[in-house]
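Basis for what follows: all heavy atoms, side chains included, without hydrogens, waters or symmetry-related copies.
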Amino acid sequence: MCEDNHASHADDAAHADDAAHADHAGHAGLGRRALFVTGAAAALTLGSVTFAQGADDTQDAETRTVRGTLPPGSPDFVYLPVEVPSGVREIKVSYSYEKPSVPAGTPGNALDIGIFDQHGTELGGRGFRGWSGGARTEFFIRADEATPGYLPGPVREGTWHIALGPYTVAPQGLPYEITITLTYGEPCEAVEPTYPPERAKGRGRAWYRGDCHLHSWFSDGRRTPAEIAALAREAGLDFINSSEHNTHSAHAHWADVAGDDLLVMLGEEITTRNGHVVALGIEPGTFIDWRYRARDNRFGRFARQIRRAGGLVVPAHPHATCVGCNWKFGFNEADAVEVWNGPWTPDDEMALADWDSMLVASVRENGRDWIPAMGNSDAHRSPDPVGSPQTVVLADALTREAIQEGIRAGRSYIAESKNVSLTFTASGARGEQAGIGERLKVDRDTPVTVRLEASGAPRCTVRFVTDQGVLLTSAPLPVSGSGVVEWHTTPAYAAYVRAELRHETAVGPLPGALAAFTNPIFLGRS
């Protein structure tokens, strides 16, 4: 580890006698812009920023400042090449941009930032060194350490690229200023990353609770991994998944907080302009690119990369209303879908209805290729609760592979908290039985008993939902929160059945917010 710390770097750079502040006047209004079709689709590449060829005895840092304006309709990504000479110990970048007032209903300015090293900006290539989106106004990289969201490592000679992402641009344009500081000297000793184990102690074949969509300060969250792990244990979770926006930089920072009681899987939330997808449980150090839209026909390539890295493909909050959050890539590549994201809202209700329609469609294929549902908190900061909701998975062990297999098979239900527990089965006349995510293989006219046992859901109403819709609604459960609801049907009448537990609604015909819901049990021979 180097002896100095990042907190002092701004003052060091500001007082360096030889710091040169070069205003790239040619960039104002994008006077030197060039539109190149790169490996990351159409992108705007600005003129290069150059530095001296290494430091001399009197020089320990150099600074350049670039100013310009991005017009409305700018490409998704704008690259600023930086020619990095040899002998650089650290690169530091800071930026700012104007946020003028805009009319109601008109998006204002929002500018994301990241960086690629001398390996280039090729889509899915080796050049990625970090991304903070709009969460930070500055970052640094050196061999032993980097700003959260960025990857430590040597600052090697070559053409680096600062990546700007004009998320939204106001009608007046987006004036920006970028300052790059190179510090010269011997590099620090690189630190070898350590990763959390892929197995925790567990309870053998059991129901395990998890939250697979979480954000720490390694992207736009405000909590440390240690704080998240403590909250996960408090929420009764057995497993979590690291899912930072467009960076895998957190992977090397979870080992100390995992334990026999908490499995920490590693992933990424791939945040494109046409929706977000959680890579759940990928190999440590795997980077999944996000620089494409649905029209580019590239998502399949990166979905396959997630699977090759041992992960699951989980579209997140598919009906969210934020810019770029609504899922537009289709579900052919999905291993599961996040139907419930954070507090229950109307977009979750839409996601649930959409998912149920997909279940109905799967019946035409005899239940093949149905997509299981998940629920995750997407917690970022206080007061966002970790583990609300949580996915409860039947798995053979508390390991990455076993949890993933349970999620992929749909052997799971989603609960608002650790307080809610469910047992959901379908039984035939001769003792045949199937559980959540399974198929009860009986003839079409065989009497079937569907049974739900619930606890931790006071005054909640139970609904049994089939391919025909809601076919049973119970009276509210007692204030104790525990109860049993049974329903009798046949596979000819219901091709599948799933359960919902809903809170009481104060007024109106709309159902109350969910307390829990299950993946389906399919009825009948396939």
Side-chain angles (χ1 to χ4, degrees), residues 2 4-6 8-28 30-34 36 38 43-68 77-97 111 113-122 125-132 136-147 149-164 176-188 190:
C2 290
D4 59 353
N5 61 70
H6 182 61
S8 66
H9 288 179
D11 289 340
D12 291 344
H15 293 95
D17 291 340
D18 294 295
H21 293 270
D23 183 355
H24 265 223
H27 289 172
L30 297 181
R32 292 183 181 176
R33 67 183 181 177
F36 296 108
T38 69
L44 187 68
T45 300
L46 307 177
S48 296
V49 178
T50 60
F51 287 80
Q53 295 299 306
D56 56 34
D57 293 339
T58 64
Q59 182 182 50
D60 61 5
E62 283 188 284
T63 297
R64 300 284 187 268
T65 297
V66 175
R67 300 178 182 90
F77 300 100
V78 176
Y79 297 103
L80 175 63
V82 179
E83 302 299 334
V84 176
S86 61
V88 174
R89 178 172 173 268
E90 178 187 280
I91 183 169
K92 178 185 174 185
V93 177
S94 62
Y95 83 118
S96 62
Y97 59 94
L111 184 63
I113 196 166
I115 196 167
F116 291 77
D117 67 16
Q118 77 281 357
H119 292 105
T121 61
E122 180 184 1
R126 299 169 53 203
F128 177 78
R129 290 298 293 271
W131 182 259
S132 50
R136 289 180 170 80
T137 58
E138 63 180 43
F139 62 86
F140 77 96
I141 295 173
R142 67 180 186 227
D144 69 321
E145 193 177 357
T147 299
Y150 294 80
L151 303 176
V155 182
R156 303 207 184 274
E157 179 180 5
T159 303
W160 290 50
H161 289 83
I162 296 170
L164 301 176
Y176 63 87
E177 179 177 293
I178 304 169
T179 299
I180 308 110
T181 299
L182 301 185
T183 301
Y184 299 100
E186 289 296 320
C188 306

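Of all heavy-atom pairs spanning Pro81 and Gly47, the tightest one is CD-O, 3.9 Å. The two residues Glu83 and Ser48 make their nearest non-hydrogen contact at OE2-OG, 3.6 Å. Nearest heavy-atom pair, Val155 versus Glu90, reported as atom, atom and distance to 0.1 Å: CG2-CA, 4.1 Å. A pairwise comparison of heavy atoms in Ala146 and Pro152 identifies CB-N, 3.7 Å as the closest pair. Of all non-hydrogen atoms in Gly153 and Ile141, the two that sit nearest each other are O-CG2, 4.0 Å. Closest of all the heavy-atom pairs between Trp160 and Val84 is CD1-CG2, 3.5 Å.
The shortest distance between side-chain heavy atoms of Tyr79 and Ile162 does not fall below 4.5 Å. Looking at heavy atoms from C-beta onward, Thr137 lies out of side-chain contact with Ser96 at the 4.5 angstrom threshold. Within the 4.5 Å cutoff, side-chain heavy atoms of Leu80 are placed close to those of Ile180.
Arg129 places a side-chain N or O within 3.5 Å of a backbone atom of Leu151 that can act as its donor or acceptor partner. Remark: the backbone N or O of Phe140 is paired with a side-chain donor or acceptor of Thr147 at under 3.5 angstrom. Judged by distance alone, with hydrogens and angles left aside, the side-chain atoms of Tyr95 form no donor-acceptor pair with the main-chain N or O of Leu164 at under 3.5 Å.
Using cut-offs of 30° and 60° on the angle between ring planes, the pair Phe139 and Tyr150 is parallel.
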field: side-chain contact (heavy atoms from CB on, under 4.5 Å) assessment of Glu138 paired with Lys92
entry: CA-CA 7 Å; Glu138 63 180 43; Lys92 178 185 174 185; 4.0 Å; yes
- prompt: How far apart are the C-alpha atoms of Phe51 and Val82, what are their side-chain angles, what is the distance that settles it, and do they pass the side-chain contact (heavy atoms from CB on, under 4.5 Å) test?
  reply: CA-CA 8 Å; Phe51 287 80; Val82 179; 3.8 Å; yes
- request: Starting from the C-alpha separation in whole Å, work towards a yes-or-no answer on side-chain contact (heavy atoms from CB on, under 4.5 Å) for Tyr184 and Asp60.
  value: CA-CA 5 Å; Tyr184 299 100; Asp60 61 5; 5.6 Å; no
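With rounding to the nearest 0.5 angstrom, the CZ atom of Arg126 is 8.5 Å from the CG atom of Asp117. Taken from NE2 in His161 to NE2 in His119, the straight-line distance is 13.5 Å, to the nearest 0.5 Å. Once rounded to the nearest 0.5 Å, the distance linking CD1 of Ile115 with CH2 of Trp131 reads 11.5 Å. Between the CZ atom in Arg142 and the CD1 atom in Ile91 there is a gap of 14.0 Å [rounded to 0.5 Å].
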